[in-house]
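First up is the structure itself, then whatever we jot down about it.
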2 protein chains.
Amino acid sequence: MGGKKTSITNHIKRIRLARTELTQAGLAERVGATRQTIIAIEAQKYAPSLELAFRIAHVLNEPVEEVFQFDSSLWD
Amino acid sequence: MGGKKTSITNHIKRIRLARTELTQAGLAERVGATRQTIIAIEAQKYAPSLELAFRIAHVLNEPVEEVFQFDSSLWD
DNA sequence: TATTTACGTAAAAAATACTTTACATTCTGT
DNA sequence: ACAGAATGTAAAGTATTTTTTACGTAAATA
């Protein structure tokens, strides 16, 4: 069920397709995660760990805060 | 035992003491976490989730990448 | 001295992220 | 139409993060 909705969203897919040639599998390999993890994160099923977020941003050549957004308005 | 060393470090304590009046308990309350969590993260026992990292940076008035560092040199 | 405040350790349980495996769908190109 | 590549769903198990609870120590102060 559901799980607790995180207030983190991301533009991984947009950036991946627009600025790289990477497939989900390719990105997964470069960041040291599995394809399933990338699929779930791109589908906003859950937020990555901080470390994985850094790796993804690094591989996509973008700052973390460009790739991931924290919606501080739905805070508490 | 040990667990897998994360390649994330942080300067929460330094920034908290230098730029705010917040205690560990105060920071914990403002970010919606427990005091234990702040203690463990400041002690570099583990890295926070991405969401908590965003909240901490937000409360400390710093960009995520100022508060948290990813050591990409010890990558794979 | 006694009390309060801040910081610290420890450990079990709960919540969340990640992997592994297997199979289904969609798209592209021949 | 067919094959292959890329994307998707699902579910069980492992790993990591966070909470909860309890206790310990040091500093400031009434």
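This one's a predicted model, so the numbers in the text were calculated from it and none came from an experiment. Throughout, protein chains are lettered first and strands after them, A, B, ... in sequence-line order, and every chain is numbered starting at 1.
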Got [X] and [Y] here, is their nearest side-chain heavy-atom distance under 4.5 Å?
{"X": "B/R30", "Y": "B/R55", "result": "no"}
{"X": "B/F54", "Y": "A/Q69", "result": "no"}
{"X": "A/I41", "Y": "A/L52", "result": "yes"}

[X] has an atom [atom1]; how far is it from atom [atom2] of [N], in whole Å?
{"X": "B/L50", "N": "C/dC18", "atom1": "CG", "atom2": "P", "answer": "10 Å"}
{"X": "B/I38", "N": "C/dT9", "atom1": "CD1", "atom2": "P", "answer": "15 Å"}
{"X": "B/Y46", "N": "C/dT9", "atom1": "OH", "atom2": "C1'", "answer": "13 Å"}
{"X": "B/I41", "N": "D/dT16", "atom1": "CD1", "atom2": "C1'", "answer": "12 Å"}
{"X": "B/I12", "N": "D/dT17", "atom1": "CD1", "atom2": "P", "answer": "13 Å"}
{"X": "B/L52", "N": "D/dT16", "atom1": "CG", "atom2": "P", "answer": "18 Å"}
{"X": "A/R55", "N": "C/dC18", "atom1": "CZ", "atom2": "C1'", "answer": "13 Å"}
{"X": "B/L27", "N": "C/dG8", "atom1": "CG", "atom2": "P", "answer": "13 Å"}

Under 4.0 angstrom, heavy atoms only, what part of the nucleic acid is B/T34 near: base, sugar-phosphate, or nothing? base
- Query: Contact class for B/A47 vs. all strands (heavy atom < 4.0 Å): base, sugar-phosphate, or nothing?
  - Reply: sugar-phosphate
Shortest non-hydrogen separation from [X] to [Y] and the atoms involved:
{"X": "B/E62", "Y": "B/I15", "answer": "CG-CG2, 4.1 Å"}
{"X": "B/E42", "Y": "B/I12", "answer": "OE2-CG2, 3.5 Å"}
{"X": "B/E66", "Y": "B/H11", "answer": "O-ND1, 4.1 Å"}

**Request:** Report the C-alpha distance between B/Q44 and B/N10 in whole Å, list the side-chain angles of each, state the deciding distance to 0.1 Å, and finish with yes or no for side chain to side chain donor-acceptor pair (under 3.5 Å).
**Result:** CA-CA 7 Å; B/Q44 324 280 348; B/N10 72 77; 3.2 Å; yes
Check: Are OP1 or OP2 of D/dT16 and a side-chain N or O of B/S49 less than 4.0 angstrom apart?
Finding: no
B/S/- along nucleotides 6-11 of chain D (protein heavy atoms under 4.0 Å) is SBBBB-
